[in-house]
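Since the structure comes first, as structure tokens, the remarks are kept for the end.
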Number of protein chains: 2
Amino acid sequence: MLSSNTEDYLKAIYELLEDSGRVTTSALAERLTVAPASVTEMVQKLARMQPALVDYERHRGVALTEAGRKIALEVIRHHRLIELYLAEALGYGWHEVHAEAERLEHVISEEFEDKIAAVLGQPAHDPHGDPIPTREGEVAEPCRRALSQVTAGETVRVARVRDEDPAFLTHLTELGLVLRAPLRVTRAPEGGPLSVEVAGSTRELERAITDHVFVEAVGV
Amino acid sequence: MLSSNTEDYLKAIYELLEDSGRVTTSALAERLTVAPASVTEMVQKLARMQPALVDYERHRGVALTEAGRKIALEVIRHHRLIELYLAEALGYGWHEVHAEAERLEHVISEEFEDKIAAVLGQPAHDPHGDPIPTREGEVAEPCRRALSQVTAGETVRVARVRDEDPAFLTHLTELGLVLRAPLRVTRAPEGGPLSVEVAGSTRELERAITDHVFVEAVGV
DNA sequence: CTTGACTTTTCGGCTTACCTAAAATATACT
DNA sequence: AGTATATTTTAGGTAAGCCGAAAAGTCAAG
Ligand SMILES: [Mn+2]
Ligand SMILES: [Mn+2]
Ligand SMILES: [Mn+2]
Ligand SMILES: [Mn+2]
């Protein structure tokens, strides 16, 4: 069995790969708040494992092998199921679930995973709108259209939000930008803040917010 | 924050102290399945901590200080609340809960503890009849009267069972010796197996069983 | 093509927790 | 009391992860 540590490295690599094709040592170091030297060491170990969990070449960054990806998705499934369970069954707010899931994800059994998935009705998305991988390691595409990219006049719905920062999530709640909330963009000036009609009132939303809220067409 | 490891040492010391006044190095080593040398090292470290978590004198064994006892009870509260939650909310059998709780106990937050305690209605006992310590670190006396000590003719009720061995618990279930099950001892020959009437049928129960099932008077 | 800034890796060291083997201590028995 | 046996402790060593400092490698600007 892999250590919590190893699991967190694989998960971090997966998440960084979502944006870029290859992950750098320094990006990984920052994400995990460890020194770059520590990342190099760990990544070399992951590459030497049987089977190799990452693809690594000196000075070229790192990517996941199929084996590594499988494990990353398993941990992510745990994480997102736990987040949803905490929210649905124990009344956690969406800003509180991440920290708790970050630790629980490494210690639950497959039975626990199955039981909470069953209680939740085999859910497809976590409280932040991220897709929950299946037991078999398949995962749907996350919604990637940022609110900042919406043009004036369009009506959309909140489909996913960045989940790392509790304060950000609390702020979104206050603004009424909760999951599935419908909203209409009334003005979208070049580079400036968007005017958005949400929950009955119109608000100016900074780029710092609209870049981290993802939306889908209302009809879907 | 203390490591899972440290927490398991303190818990093991607490549990061994329940039987004896002082815990030996070898008893701890066996309980934790580590070498005696490892126990000596760890115990010395616990004694050197600020504040000291154990009372230790070379070759004299070990006991908990107030600070150590507090932590042990906190971990045990986690363990027993989690066991009950798994049984009540997720449909685990009483033989499955221990292993899962053994890992979860170290990673849940105080919020999680409070939330499941509330869902369960501030329960007093875990699925094996062990008392659940309060948030404040108080704990009721566990039921200590072994079934093997009951005299012929008495009617009693299962109040607590040893919880370490899943196979033992499965066996108890088959025998109908579940928590709160009423039973009548019909014959109790000196040192021999007890005859016990339980769930409508009479059974011969070996010492290996009756020593690990604890009972209380029915009226209580 | 060289230089300098930046990134990555290597090196030597630290901590925690474990081990085995050897030494020290305690206990039990004659 | 003296000795054998059992327990406990010390000593020396390993493995995972982490660190800072120094060395090596990359790459873009001149
Ligand atoms: Mn984690
Ligand atoms: Mn999430
Ligand atoms: Mn444990
Ligand atoms: Mn129990």
Within residues 34-57 of chain B, the residues having a heavy atom closer than 4.0 Å to DNA chain D are Pro36(B), Ala37(B), Thr40(B), Gln44(B), Tyr56(B)
List the atom pairs, donor and acceptor, that lie under 3.5 Å between side-chain atoms in residues 37-59 of chain B and the rest of the protein, sequence neighbours left out.
| from | atom 1 | to | atom 2 | distance (Å) |
| --- | --- | --- | --- | --- |
| Thr40(B) | OG1 | Pro36(B) | O | 3.3 |

Here the distance between atom P of dT15(C) and atom CG of Leu2(B), to the nearest Å, is 18 Å
Presence of salt bridge, Arg162(B) and Asp211(B), under 4.0 angstrom
no
The correct set of residues in residues 11-32 of chain A placing a heavy atom under 4.0 Å from DNA chain D is none
Under 3.5 Å, side-chain donor or acceptor atoms of residues 82-89 of chain B against the rest of the protein: list the pairs with distances, not counting sequence neighbours.
| from | atom 1 | to | atom 2 | distance (Å) |
| --- | --- | --- | --- | --- |
| Glu83(B) | OE1 | His128(B) | ND1 | 3.1 |
| Glu83(B) | OE2 | His79(B) | NE2 | 2.8 |
| Glu83(B) | OE2 | His98(B) | ND1 | 3.3 |
| Tyr85(B) | OH | Tyr85(A) | OH | 2.6 |

Here the salt bridge (charged side-chain N to carboxylate O under 4.0 Å, His left out) pairs for residues 22-39 of chain B, sequence neighbours left out, are Glu15(B)-Arg31(B)
Checklist entry - Can you tell me if Arg207(A) uses its side chain to pair, donor with acceptor, with the backbone of Gly192(A) under 3.5 Å? => result no
Whether Arg58(A) contacts dT26(D) is assessed here as follows: a side-chain N or O lying under 4.0 Å from the phosphate OP1 or OP2. Is that the case? no
Residues 64-75 of chain B vs side-chain hydrogen bond (donor to acceptor under 3.5 Å, both in side chains), sequence neighbours excluded, gives Glu74(B)-His78(B)
Atom NE2 of His59(B) and atom P of dT9(D) are separated, to the nearest Å, by 5 Å
> Can any side-chain N or O of Glu7(B) pair as donor or acceptor with the backbone N or O of Val75(B) at less than 3.5 Å?
Replying inline: no
Taking dA17(C), dG17(D), dT26(D) as options, the one with an atom nearest any side-chain atom of Asn5(B) is dA17(C)
| field | Min side-chain heavy-atom separation Pro123(A)-Leu81(A) under 4.5 Å | value | yes
Rounded to whole Å, the CZ-C1' distance (Arg60(A) to dT7(C)) equals 13 Å
Looking at dC18(C), I'd like to know if its phosphate oxygens (OP1 or OP2) sit under 4.0 Å from a side-chain N or O belonging to Tyr9(B). yes
